[in-house]
Amino acid sequence: MKNFLITGGAGFIGANFVHHLLSHHPDYHVVVFDKMTYAGNLNNLADVSDDPRYTFLRGDICDAPAVEQAIRQHHIDTIVNFAAETHVDRSIEDPNAFIHTDVIGTHVLLEAARKFGLERYHQISTDEVYGHIPHGTSSVETDSVAPRSPYSASKASGDLLVLSYWVTYKLPVTITRGANNIGPYQYPEKVVPLFVTNALEGKPLPVYGDGRQMRDYQWVGDHCQGIDVALHQGQLGEVYNVGTGQEVENLRMVEILLDEVGAPPSLIQHVEDRPGHDRRYSLNVDKLKALGWQPEHDCEAAIRRTVRWYIENEWWWRPIKNGEFRDYYQRMYGNRKVIAVP
Ligand code: NAD
Ligand code: TYD
């Protein structure tokens, strides 16, 4: 494992993982293969752009010849697949791209990995594949998938394909299922960067429904370390959950966020809920911990550190919020009904 194809490496977690690999493994080479959708951003990789161990290729994981060419040309032995359409609200608006990239794209990569006899194919997945988790229980890796949004259904489909390639072809695969990531370079459609930047701009924070939904907000660096451990110490054909193992209500996340920004709670605005909104995700992360991994941040520490990064890095998010994002925000929130606190 030495020559990595990091698909979706210009996105949020992929870029953080590229930084992680280059700083923790001096002998590794990294090729980022990214379509550069609205979520891809070369600013996320600016500080590794001169590293001789790093190459950027623009390409679509649904394009088999382009994927094969990248593998051949760069002697790739490992694929880590971050490439995906990732936002639940966009998947509700239009699921098309989700099926293409998250299902068909995954299949194209698996076929390429099989054809070239790669050492490892690692799939980046999500806790959302388990669906809504009732209080008092947490998801373990052997649980059935029960996705409820077009996003999570497309990710679950990808996972099932990956596992089928292990069972059928003995393709050396591993999967990690991460909880909600937060940290540097997250596109501000996701709740934490959206709310921090809105708060900094003095705009309302649109909390869906009652805000009592629960998420496990983990520091992206802890997730990257978890992926590294699963890659190097995980067993082939296995799934590993990655998160803090402790979830918080969205309203608590907002309270911590506003406190760190120093903005007033009056910015909170309850708005019409997301259709099919999963109330709670909860991961049991004992399996990865048994390999020696341990997250360094709980949810509160992750939220506070993330807020500080956005305060210190306006250069990164201001151009995004002033660009295409404005149309998206208008579409998603412009006519959304404000509701009384239920
Ligand atoms: P992101 O939306 O920030 O980035 C996705 C990247 O994939 C972008 O750079 C985009 O240009 C690229 N991409 C999209 N379609 C592509 C295609 N067809 N071919 C090549 N590149 C393409 O996403 P993220 O938050 O960094 O998520 C990365 C992965 O982690 C995804 O697979 C996602 O499902 C998973 N995940 C995300 C979270 C989270 O909280 N963000 C949690 C768990 C798992
Ligand atoms: P999000 O960041 O979209 O991640 P996911 O839905 O994949 O977990 O949302 C996290 C939580 O925040 C989720 O419960 C939905 C909620 N949320 C809001 O309340 N308002 C918003 O504007 C957004 C984008 C999300």
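We count ligands from 1, going down the list as the structure has it; atoms in each ligand are counted the same way. The residues of the chain are indexed from 1 along the displayed sequence.
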Please say whether Ile61 places an N or O atom under 3.5 Å from an N or O atom belonging to ligand 1. yes
May I ask you to check if ligand 1 and Thr126 share an N or O to N or O distance below 3.5 Å? no
Quick one: which of Tyr333, Tyr329, Tyr217 has a heavy atom closest to atom 11 (C) of ligand 2? Tyr217
So, does Gln123 use its side chain to make a donor-acceptor pair with the main chain of Val173 at under 3.5 Å? no
So, the side chain of Glu128 versus the backbone of Ser152: is there a donor-acceptor pair under 3.5 Å, distance only? no
Identify the two heavy atoms, one from Pro172 and one from Arg120, that lie closest to each other, and give their separation to 0.1 Å. O-CD, 3.2 Å
Considering only heavy atoms, does Tyr281 approach ligand 1 within less than 4.0 Å through its side chain, its backbone, both, or neither? neither
Could you check atom 4 (O) of ligand 2 against the protein and tell me its nearest heavy-atom contact, residue, atom and distance included? Asn180 ND2, 3.3 Å
As an exercise, identify every atom of ligand 1 less than 4.0 angstrom from a heavy atom of Asn180. 40 (O)
Ser125 heavy atoms, cut-off 4.0 Å: which ligand 1 atoms fall inside? 43 (C), 44 (C)
Heavy-atom nearest option to atom 15 (C) of ligand 2, drawn from Gln213, His277, Arg279: His277
Over 60° means perpendicular and under 30° means parallel, so classify the ring planes of Tyr310 and Trp316, tilted if in between. perpendicular
For ligand 1, does Ala97 get within less than 4.0 Å through its side chain, its backbone, both, or neither, judged by non-hydrogen atoms? neither
Any Phe82 heavy atom less than 4.0 Å to ligand 1: yes
Mind checking whether Gly178 has an N or O less than 3.5 Å away from an N or O of ligand 1? no
Specify side chain, backbone, both or neither for Thr86, according to which of its non-hydrogen atoms lie closer than 4.0 Å to ligand 1. side chain
Please report whether the ring centroid of Tyr121 lies less than 6.0 Å from that of Tyr165. no
Quick check against the 3.5 Å criterion: does Tyr240 have a side-chain atom that pairs as donor or acceptor with the backbone of Gln235? yes
Option set Asn44, Thr37, Ile124, criterion heavy-atom distance to atom 13 (N) of ligand 1, minimum: Thr37
Proximity to ligand 1 by part of Met36, non-hydrogen separation under 4.0 Å: backbone
